[in-house]
Amino acid sequence: MTEDEERAAEERAVAARTAPTYRMPPETDRHERLWMAFPVAGYTLGETDAEAAEAYAMWSDVANIASEFEPVTTVVDPSQLAAATKRLSRQIEVLVAPLDDAWMRDIGPTFVRDAESGALAAVDWVFNGWGAPAWSTWRKDSRIARFVAEAAGVPVVTSDLVNEGGAIHVDGEGTVLVTKTVQLDPHRNPGWTRTRVDAELERTLGTPNVLWLERGLTRDYEDFGTRGHVDMLATFAAPGRVLVHVQTDPGHPDFPVTAANRDLLATRSDAAGRPFEVVELPAPPILRDSEGFVDYNYVNHVVVNDGVIACAFGDRAADDRAAGILAEQYPGRRIVPLDARPLFARGGGIHCITQQQPAL
């Protein structure tokens with residue numbers, strides 16, 4: 001991009017701030033349904049029958065539990081229809097479409113409301129496999145956002161921003177959390193500046209208050225990582241209140257990363273000018289697996305109608321402590337812990353495989 005083209009893009013971005021925008025509701029609003037995808041051949045299913053069985057069980061368990069709280073629709077690749085039918089609850093709707101992978105938070109649309117009419121719409125971000133790493137394929141997945149929007153019967157909001165649903169968290173009142181290593185990733189958005197990203201997020205999400213965290217968790221920068229998704233770092237329990245992943249062991253490389261995030265958010269305010277109340281979600285004491293330092297965190301939960309499906313990691317004391325914190329932060333919702341280690345081994349968590357559609 002030439003300097004003149006970049007300047008013109010900046011001017012368009014700033015001008016867009018005065019245009020009619022959309023607003024993304026908070027995840028704690030009531031849902032019409034939860035969208036998911038079903039695992040397909042590749043690194044997610046792995047190379048052995050045991051690995052495939054583990055993945056099938058993980059995705060199916062999340063879908064089946066979620067269906068106890070709200071309707072669930074799962075997109076299934078034609079090759080996996082028999083496997084999905086065998087494992088998913090009968091009350092789960094199944095739609096067939098070609099898939100490369102099964103991380104619906106990132107390949108699906110971001111549902112928003114028209115700022116004036118309140119009508120539901122769906123943002124179709126550009127998806128390039130988390131920054132076009134050599135291992136990723138995304139031709140099929142890049143079409144899923146529009147497929148889901150059409151199935152939901154809502155109009156599509158087109159965006160030129162390479163972005164994923166796991167790379168944003170909103171409070172529903174004008175604030176969004178992002179990381180510098182995702183939206184400003186040269187493999188995602190070469191030539192984009194913070195000003196341009198801010199304007200596009202305001203246009204599509206209704207968030208004039210963009211809070212930029214420096215980076216994500218250490219493991220997220222390895223081969224199958226996203227290079228900094230914010231849904232591993234922090235989330236909003238309510239306007240003015242942010243839940244933050246904190247690594248408490250100084251020997252873990254995420255100790256300074258999470259401390260910096262916590263300290264930054266403690267000095268910031270939401271779009272209404274309210275200083276954030278920062279609530280810590282301490283990491284479990286497990287530091288490593290067979291591949292190295294883990295990124296286990298309790299922030300990557302999914303809120304459903306009257307419930308929360310929470311990550312657990314096989315440490316009873318730590319898992320119970322986290323469930324207790326979530327119960328305090330989401331009063332009136334039933335907390336359902338689920339061992340998420342098979343998901344984290346594949347590069348994500350429970351939030352990463354789900355995408356909520358707000359109630360009409």
Are [Y] and [X] connected into the same hydrophobic cluster when the rule is that any two of I, L, V, M, F, W, Y join if their side-chain heavy atoms are below 4.5 Å apart?
X: Val182; Y: Leu211; value: no
X: Val72; Y: Val154; value: yes
X: Val308; Y: Met232; value: yes
X: Leu95; Y: Val156; value: no
X: Val162; Y: Met104; value: no

Check whether any side-chain heavy atom of [X] sits under 4.5 Å from a side-chain heavy atom of [Y], and report yes or no.
X: Pro282; Y: Thr248; value: yes
X: Phe111; Y: Val148; value: yes
X: Leu81; Y: Val96; value: yes
X: Val126; Y: Leu161; value: no
X: Val257; Y: Gln247; value: no
X: Phe69; Y: Val336; value: yes
X: Pro109; Y: Val123; value: no
X: Phe224; Y: Glu291; value: no

Verify the distance criterion only: is there a donor paired with an acceptor across the side chains of [X] and [Y] at less than 3.5 Å?
X: Ser159; Y: Glu200; value: yes
X: Trp130; Y: Glu164; value: no
X: Gln356; Y: Arg30; value: no

Among Leu264, Val230, Asp198, which residue meets the side chain to side chain contact (heavy atoms under 4.5 Å, CB included) test with Trp212?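 So the option named by the test is Asp198.
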Contacts of type ring pair (Phe, Tyr, Trp, His ring centres under 6.0 Å), residue Phe38, not counting sequence neighbours: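 Once residues adjacent in sequence are excluded, the partners of Phe38 under the ring pair (Phe, Tyr, Trp, His ring centres under 6.0 Å) criterion are Tyr56.
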Of all residues at least two apart in sequence or in a different chain, which pass the ring pair (Phe, Tyr, Trp, His ring centres under 6.0 Å) check with Phe147?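 Partners of Phe147 under the ring pair (Phe, Tyr, Trp, His ring centres under 6.0 Å) test: none.
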Qualifying residues under side chain to side chain donor-acceptor pair (under 3.5 Å), relative to [X], sequence neighbours excluded:
X: Thr74; value: none
X: Arg113; value: none
X: Arg33; value: Thr73
X: Asn163; value: Gln183

Can you list everything that forms a side chain to side chain contact (heavy atoms under 4.5 Å, CB included) with [X]? Sequence neighbours excluded, please.
X: Glu68; value: Arg334
X: Ala121; value: Tyr22, Val112, Pro155, Val157
X: Arg241; value: Ala237, Ala238, Glu277, Val279, Gln329
X: Pro342; value: Glu54, Met58, Asp339, Arg346

Cation-pi check, Arg288 onto Phe293 ring (under 6.0 Å, within 45° of axis):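 Satisfied, under 6.0 Å and within 45°.
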Look only at the side chain of [X] and the backbone of [Y], and say whether a donor-acceptor pair between them is shorter than 3.5 Å.
X: Arg333; Y: Val303; answer: no
X: Asp249; Y: Ala283; answer: no
X: Thr44; Y: Asp101; answer: no
X: Gln80; Y: Val76; answer: no
X: His301; Y: Val299; answer: yes
X: Asp61; Y: Asn64; answer: no

CG/Asp100 to OG1/Thr137 distance, rounded to the nearest 0.5 angstrom?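 Asp100 atom CG to Thr137 atom OG1 measures 4.0 Å (nearest 0.5 Å).
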Would you compute the distance between atom NE2 of His245 and atom CG of Asp295 and round it to the nearest 0.5 angstrom?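 So the NE2 of His245 and the CG of Asp295 are separated by 7.5 Å.
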Under 30°, 30 to 60°, or over 60°: which ring-plane class applies to Trp135 and Tyr43, parallel, tilted or perpendicular?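 Answer is perpendicular, since the angle exceeds 60°.
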Tell me whether Arg227 is salt-bridged to Asp185, with the criterion being a basic N under 4.0 Å from an acidic carboxylate O.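 Salt bridge flag = yes for Asp185 with Arg227.
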Only pairs at least two apart or in different chains count here, so list each salt bridge (charged side-chain N to carboxylate O under 4.0 Å, His left out) that has a residue in residues 132-149.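 Listed once each, the pairs are Asp124-Arg146.
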For a side-chain hydrogen bond (donor to acceptor under 3.5 Å, both in side chains) with Thr226, tell me which candidate from Asp231, Asp106, Asp220, Thr181 qualifies.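 That would be Asp220; it is the only one of Asp231, Asp106, Asp220, Thr181 passing the side-chain hydrogen bond (donor to acceptor under 3.5 Å, both in side chains) with Thr226.
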Using distance only, find each side-chain donor-acceptor pair of residues 169-179 under 3.5 Å and give its atom names and separation, not counting sequence neighbours.
residue	atom	partner	partner atom	Å
His169	ND1	Glu27	OE2	3.4
His169	NE2	Thr235	OG1	3.4
Asp171	OD1	Glu173	N	2.8
Asp171	OD1	Gly174	N	3.3
Asp171	OD1	Thr175	N	3.0
Glu173	OE1	Arg274	NH2	2.8
Thr175	OG1	Asn209	ND2	2.9
Thr175	OG1	Ala271	N	3.0
Thr179	OG1	Gly228	O	2.6

